[in-house]
Amino acid sequence: MILVTGAAGFIGANFVLDWLAQSDEPVINLDKLTYAGNLHSLASLQGDARHIFVHGDIGDRALVDRLLAEHRPRAVVNFAAESHVDRSIHGPEDFIQTNVVGTFHLLESVRAYWGGLEGEARASFRFLHVSTDEVYGTLSPTDPPFTERNPYEPNSPYSASKAASDHLVRAYHHTYGLPVLTTNCSNNYGPLHFPEKLIPLMIVNALAGKSLPVYGDGMQVRDWLFVKDHCSAIRRVLEAGTPGETYNVGGWNEKPNIEIVKTVCALLDEMSPRADGKPYAEQITYVTDRPGHDRRYAIDATKIHRELGWKPAETFETGIRKTVRWYLDNQAWVQQVQSGAYRQWIDQQYGPRE
Ligand code: NAD
Ligand code: TYD
């Protein structure tokens with residue numbers, strides 16, 4: 001079996017659903033259930049003995065030691081993190097606690113467990129750390145995309161905390177020989193995405209008749225990857241990646257934010273037109289920019305393609321259409337997410353800007 005952390009979140013939940021759709025190898029899901037953790041996303045696994053959910057913190061040594069000793073996983077995949085840049089600007093502390101200190105404790109538990117393994121179990125064990133392209137900092141319009149050799153230049157508390165965790169993971173390989181793998185992926189989108197992030201926020205706000213807040217001039221560029229493609233990349237790296245190596249994962253889909261928002265609006269115009277017949281794009285509002293906003297991210301995913309044969313299955317056009325369809329078909333999931341703390345956050349975040 002494998003231990004997956006943070007699998008009640010956006011990418012982790014997609015990963016577990018895809019994993020169990022393709023194999024019967026059980027998954028232990030260790031998740032703290034922060035505001036971003038949503039077990040409703042895994043409702044289809046209710047009663048499925050292959051999914052064992054454990055409510056807890058990656059930084060809880062005693063708990064993680066016990067889980068490793070009891071279940072003896074062949075791999076640990078670490079998704080658990082605080083992941084939203086805007087939140088890291090308002091309150092960086094949780095990011096340091098989970099992304100840095102939590103990853104450190106998790107590594108310590110895993111190192112002790114791996115140290116006690118023998119033979120084939122020891123040789124084949126892997127710790128896969130899921131990270132982001134944001135650790136590389138920002139690109140000018142003419143810079144080549146990030147390769148694995150780019151220096152780390154994180155600019156937000158989020159990316160700095162992820163960079164710190166990547167360095168710890170690297171150090172545990174070089175110092176202790178822990179068989180680690182790191183993936184640095186570009187912006188994901190798709191089903192089960194918490195509606196505080198750009199694409200789901202725009203879909204949900206548009207349907208609710210609210211404004212669509214575009215930061216600054218909307219010309220910041222991100223490299224978008226459909227979440228299922230990120231999950232297939234992680235499975236491939238886990239299967240065939242070389243311990244100690246890092247792999248950049250991206251969709252070759254660089255687009256400015258405003259283009260993303262207009263595409264979402266156009267798809268909604270087609271799939272769920274406004275009652276008054278007007279275009280959703282009328283709801284777009286330009287708001288104050290994010291402090292320290294990185295202008296451009298772009299991933300060179302040549303290495304993972306060349307060495308491991310991975311490439312994305314979706315184009316942006318097919319992936320974004322599936323995503324908009326999913327949100328239209330899963331309004332109950334959205335409503336469940338929108339209750340409680342999420343509302344307060346949205347008011348705090350967007351109230352003063354509009
Ligand atoms: P998310 O915020 O949707 O989910 C994070 C999950 O981790 C939640 O279920 C949360 O409850 C859990 N968690 C938080 N702190 C924890 C702790 N201390 N112990 C146990 N569980 C904890 O995030 P996501 O978008 O699914 O991202 C998953 C990982 O992928 C993160 O490490 C993130 O940095 C990385 N990543 C995300 C993207 C993206 O576009 N979303 C891109 C590249 C990399
Ligand atoms: P986000 O989904 O927060 O991901 P990240 O900051 O990690 O790339 O934001 C994606 C881009 O969209 C980023 O450039 C910020 C911008 N953005 C907006 O313009 N408006 C919004 O309401 C949000 C949430 C993001």
Side-chain angles (χ1 to χ4, degrees), residues 4-15 29-39 41-42 54-60 63-64 77-89 94-95 97-99 101-103 105-106 129-135 138 155-156 158-159 161-162 165-166 183-190 192-202 205 211-225 227 230-231 233-234 248-250 255-258 260-261 284-290 292-297 299 346 349-350 353:
V4 182
T5 72
F10 164 48
I11 307 172
N14 275 287
F15 179 82
N29 171 2
L30 172 64
D31 197 295
K32 190 178 173 181
L33 295 182
T34 67
Y35 79 93
N38 183 356
L39 283 178
S41 300
L42 297 169
V54 179
H55 184 198
D57 194 316
I58 55 165
D60 182 341
L63 172 65
V64 178
V77 182
N78 184 31
F79 289 99
E82 289 292 338
S83 70
H84 190 38
V85 174
D86 291 325
R87 286 181 189 257
S88 84
I89 294 167
D94 286 348
F95 289 74
Q97 273 313 324
T98 284
N99 301 0
V101 181
T103 303
H105 285 301
L106 180 64
H129 181 62
V130 180
S131 192
T132 166
D133 60 356
E134 305 193 22
V135 297
T138 191
N155 290 322
S156 73
Y158 164 66
S159 55
S161 67
K162 290 297 290 186
S165 66
D166 293 8
T183 53
N184 292 92
C185 188
S186 61
N187 284 61
N188 285 211
Y189 68 98
L192 306 173
H193 206 180
F194 195 84
E196 65 181 350
K197 306 274 172 81
L198 180 72
I199 290 177
L201 183 82
M202 295 301 149
N205 274 15
S211 66
L212 309 178
V214 172
Y215 297 169
D217 64 1
M219 289 307 291
Q220 304 84 1
V221 171
R222 300 290 183 264
D223 183 348
W224 295 93
L225 182 69
V227 63
H230 187 190
C231 295
I234 292 170
N248 282 358
V249 183
K255 298 204 185 292
N257 293 338
I258 188 64
I260 298 287
V261 176
I284 293 174
T285 323
Y286 290 89
V287 299
T288 315
D289 207 353
R290 170 190 283 171
H293 199 168
D294 283 338
R295 200 68 188 160
R296 175 176 168 239
Y297 303 139
I299 278 279
I346 284 292
Q349 184 66 13
Y350 295 115
R353 291 176 194 250

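We count ligands from 1, going down the list as the structure has it; atoms in each ligand are counted the same way. Atoms considered below: every heavy atom in the structure, side chains included; atoms not considered: hydrogens, waters and symmetry mates. All of these numbers come straight from a predicted model, not from anything done at the bench.
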Output the list of atoms in ligand 2 that are nearer than 4.0 Å to some heavy atom of His84, sorted by atom number. 3 (O)

Within the structure provided, determine whether Ile258 and Ile284 are in side-chain contact (heavy-atom separation under 4.5 Å). yes

Can you name the closest pair of heavy atoms from His84 and Phe95 and give their distance? O-CZ, 3.2 Å

Test side-chain contact (heavy atoms from CB on, under 4.5 Å) on Lys162 and Glu134; report intermediate values, then the result. CA-CA 8 Å; Lys162 290 297 290 186; Glu134 305 193 22; over 6 Å; no

What heavy-atom pair brings Asn205 and Ser211 nearest, and what distance separates the two atoms? ND2-O, 3.0 Å

What atoms of ligand 2 come closer than 4.0 angstrom to any heavy atom of Lys197? 2 (O)

Mind checking whether Val287 contacts ligand 2 via backbone (N, CA, C, O), side chain (CB onward), both or neither, at a 4.0 Å heavy-atom cut-off? neither

Quick look: Asp294 vs ligand 2, heavy-atom contacts under 4.0 Å, and the answer is neither

Sub-3.5 Å N/O-N/O distance, Gln220 and ligand 2: no

Atoms of ligand 2 less than 4.0 Å from His293 heavy atoms? 13 (C), 14 (O), 15 (C)

For Leu198 and ligand 2, does the shortest N/O to N/O distance drop below 3.5 Å? yes

Distance-only donor-acceptor check, side chains His129 and Ser165, under 3.5 Å: yes

Please find the pair of heavy atoms, one from Trp224 and one from Lys255, that lie closest to each other, and give the distance. NE1-O, 4.2 Å

Shortest non-hydrogen pair, Leu42 vs Asn29, comes out as CD1-ND2, 3.4 Å

Pick, from Arg296, Arg290, Glu196, Arg295, the option with the minimum heavy-atom distance to atom 1 (P) of ligand 2. Arg290

Ligand 2 to Tyr215 polar contact by distance, N or O atoms, under 3.5 Å: yes

Atoms of ligand 2 under 4.0 Å from any heavy atom of Val214, numbered from 1 in the order shown, are 19 (O)

Quick one: is the NZ or CZ of Arg222 closer than 6.0 Å to the six-membered ring centre of Tyr189, and within 45° of its axis? no

Polar proximity ligand 2 side, Asp86 side, N/O cut 3.5 Å exclusive: no

Which residue, Leu198, Thr285, Val261, forms the side chain to side chain contact (heavy atoms under 4.5 Å, CB included) with Val214? Val261

Heavy-atom nearest pair, Tyr286 first then Asp217, reads CE2-O, 3.7 Å

What atoms in ligand 2 come closer than 4.0 Å to a heavy atom of Pro213? 18 (C), 19 (O), 20 (N), 21 (C), 22 (O)

Exercise: identify the closest heavy-atom pair between Phe79 and Ile11: CE2-CG2, 3.6 Å

Numbering as shown, the atoms of ligand 2 that approach Glu134 to under 4.0 Å (heavy-atom distance): 5 (P), 7 (O), 8 (O)

Distance under 4.0 Å, heavy atoms only, partner ligand 1: which residues pass? Gly6, Ala8, Gly9, Phe10, Ile11, Asp31, Lys32, Leu33, Thr34, Ala36, Gly37, Gly56, Asp57, Ile58, Phe79, Ala80, Ala81, Ser83, Thr98, Val130, Ser131, Thr132, Tyr158, Lys162, Cys185, Ser186, Asn187, Asn188

Please check whether Val85 reaches ligand 2 - meaning an N/O of the residue sits under 3.5 Å from an N/O of the ligand, judged on distance alone. no

Side-chain contact test, heavy atoms from C-beta onward, threshold under 4.5 Å: evaluate it for Thr98 versus Thr34 and give yes or no. no

Over 60° means perpendicular and under 30° means parallel, so tell me whether Phe10 and His193 are parallel, tilted or perpendicular. parallel

Ligand-side contact atoms (ligand 2) for residue partner Leu201, heavy atom cut-off under 4.0 Å: 22 (O)

